[in-house]
Amino acid sequence: MKIASFNINGIKARLPRLLEWLEETKPDVACLQEIKTQDEGFPAAEFEKIGYGAIWHGQKSFNGVAILTRDQQPEETKRGLDGEPEDEHSRYLEANVTAPGGGTVRVASIYLPNGNPQPGPKFDFKLRWMKRLRNRASEIWREEIPAVLAGDYNVIPRDNDVFSVKAMENDALMQPESRQAYQRILHDGWTDALGVTYPAGKIWTYWDYRSGGWQRDQGFRIDHLLLSPLAADHLRSCGVDKEHRGREKASDHAPTWVELNL
DNA sequence: ATGCCATCCACCGGATGA
């Protein structure tokens with residue numbers, strides 16, 4: 001079972017590329033971030049045409065997450081995180097999905113706040129949001145089910161997950177507080193699939209549009225798939241569809257995925 | 001220190017992103 005995470009940076013601008021990627025790589029589940037549209041503008045019919053059911057949590061202009069599932073409809077289990085009622089960003093969506101073998105897998109599509117500039121209120125919001133995410137992750141963990149928390153975490157976990165530590169040293173993505181908050185979730189028992197599979201790092205999931213980031217292969221790893229123990233036990237492989245980042249009108253992120261033997 | 005590029009909305013420049 002293949003589960004992917006893809007920050008598409010605008011579902012309207014990206015639709016042809018997104019449909020192309022789905023047809024070429026056929027993920028069973030695609031967790032999307034930055035759909036950047038209100039609920040009414042979500043092109044559900046386009047996905048249905050190629051055999052994907054969907055749920056989505058939209059917002060005007062910014063943020064927005066969705067979950068697409070092949071040959072089935074996701075069963076929504078959570079929309080938004082608890083703990084901050086005044087937070088109106090659409091950044092979290094969660095569902096149960098049926099695995100090919102018949103079992104159930106919980107998946108979440110996560111768009112964690114960027115947090116720049118730091119220090120400041122946006123960075124504080126990021127850290128609060130990470131605490132709320134950790135609380136939700138713990139609830140899922142205690143259910144003892146196969147689960148995959150997939151998304152754009154906006155965290156560079158290690159120094160070897162970035163092309164230049166110096167270039168990014170003041171960025172919210174790699175502040176010690178951001179890394180610690182991420183690490184706490186891992187310490188709770190979640191497995192960063194690409195992190196453990198490629199301990200030497202140098203695997204990027206994002207390349208900036210500016211400064212020729214793609215052309216120079218200057219990127220970093222911020223899109224992560226965190227596996228519960230029952231998912232991690234069955235990790236077969238994982239990777240990044242890097243080639244898709246180099247296409248015309250590409251997102252600045254590449255699709256990132258895990259394959260589980262469930 | 002800032003712009004670099006791309007997206008969105010809405011009216012063409014400002015906000016946001018990472």
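Residue numbers start from 1 in every chain, and the chains themselves are labelled A, B, ... in the order their sequence lines are given, proteins ahead of strands.
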Checklist entry - Just checking A:Asp152: base, sugar-phosphate only, or nothing, at a heavy-atom cut-off of under 4.0 Å? => result sugar-phosphate
Item to check | Pairing of A:Arg245 and A:Asp252 as salt bridge, 4.0 angstrom limit | outcome: no
Checklist entry - Looking for any heavy atom pair under 4.0 Å, which part of the strands does A:Tyr153 touch: base, sugar-phosphate only, or nothing? => result nothing
Checklist entry - In whole angstrom, what separates A:Asp171's CG from B:dT16's C1'? => result 14 Å
Next on the checklist: Can you check the distance between B:dA1 and B:dC11, where both ends of the measurement are the P atom (answer in whole Å)?
Outcome noted: 34 Å
Checklist entry - Do NZ/NE/NH1/NH2 and the carboxylate oxygens of A:Arg142 and A:Glu139 come within less than 4.0 Å? => result no
Checklist entry - Base, sugar-phosphate, or nothing for A:Lys122, non-hydrogen atoms under 4.0 angstrom? => result sugar-phosphate
Item to check | d(CH2, A:Trp207; C1', B:dG17) in whole Å | outcome: 17 Å
Next on the checklist: I'd like to know if A:Asp159 and A:Arg179 make a salt bridge, using a cut-off of under 4.0 Å between side-chain N and carboxylate O.
Outcome noted: yes
Checklist entry - What one-letter contact string describes nucleotides 2-11 of chain B from 5' to 3', where B marks a base within less than 4.0 Å of any protein heavy atom, S marks contact via sugar-phosphate atoms alone, and - marks no contact? => result --BBSSSSS-
Next on the checklist: One thing to verify: whether A:Lys60 and A:Asp39 come together as a salt bridge, which I'm taking to mean a side-chain N less than 4.0 angstrom from a carboxylate O.
Outcome noted: no
Next on the checklist: Counting the atoms with a prime plus P, OP1 and OP2 as sugar-phosphate, which does A:Asn63 contact under 4.0 Å by heavy atoms, base, sugar-phosphate, or nothing?
Outcome noted: nothing
Next on the checklist: Between B:dC12 and B:dA6, how far apart are the two C1' atoms, rounded to whole Å?
Outcome noted: 15 Å
Checklist entry - Separation of A:Asn154 atom CG from B:dG17 atom P, in whole Å? => result 9 Å
Next on the checklist: Roughly how many Å apart are B:dA15 and B:dA10, using the C1' atom of each and rounding to a whole number?
Outcome noted: 12 Å
Item to check | Salt-bridge criterion met for A:Arg247 and A:Glu24 (N-O under 4.0 Å) | outcome: yes
Next on the checklist: Assess whether a salt bridge exists between A:Glu94 and A:Arg136, defined as any Lys/Arg side-chain N lying under 4.0 Å from an Asp/Glu carboxylate O.
Outcome noted: yes
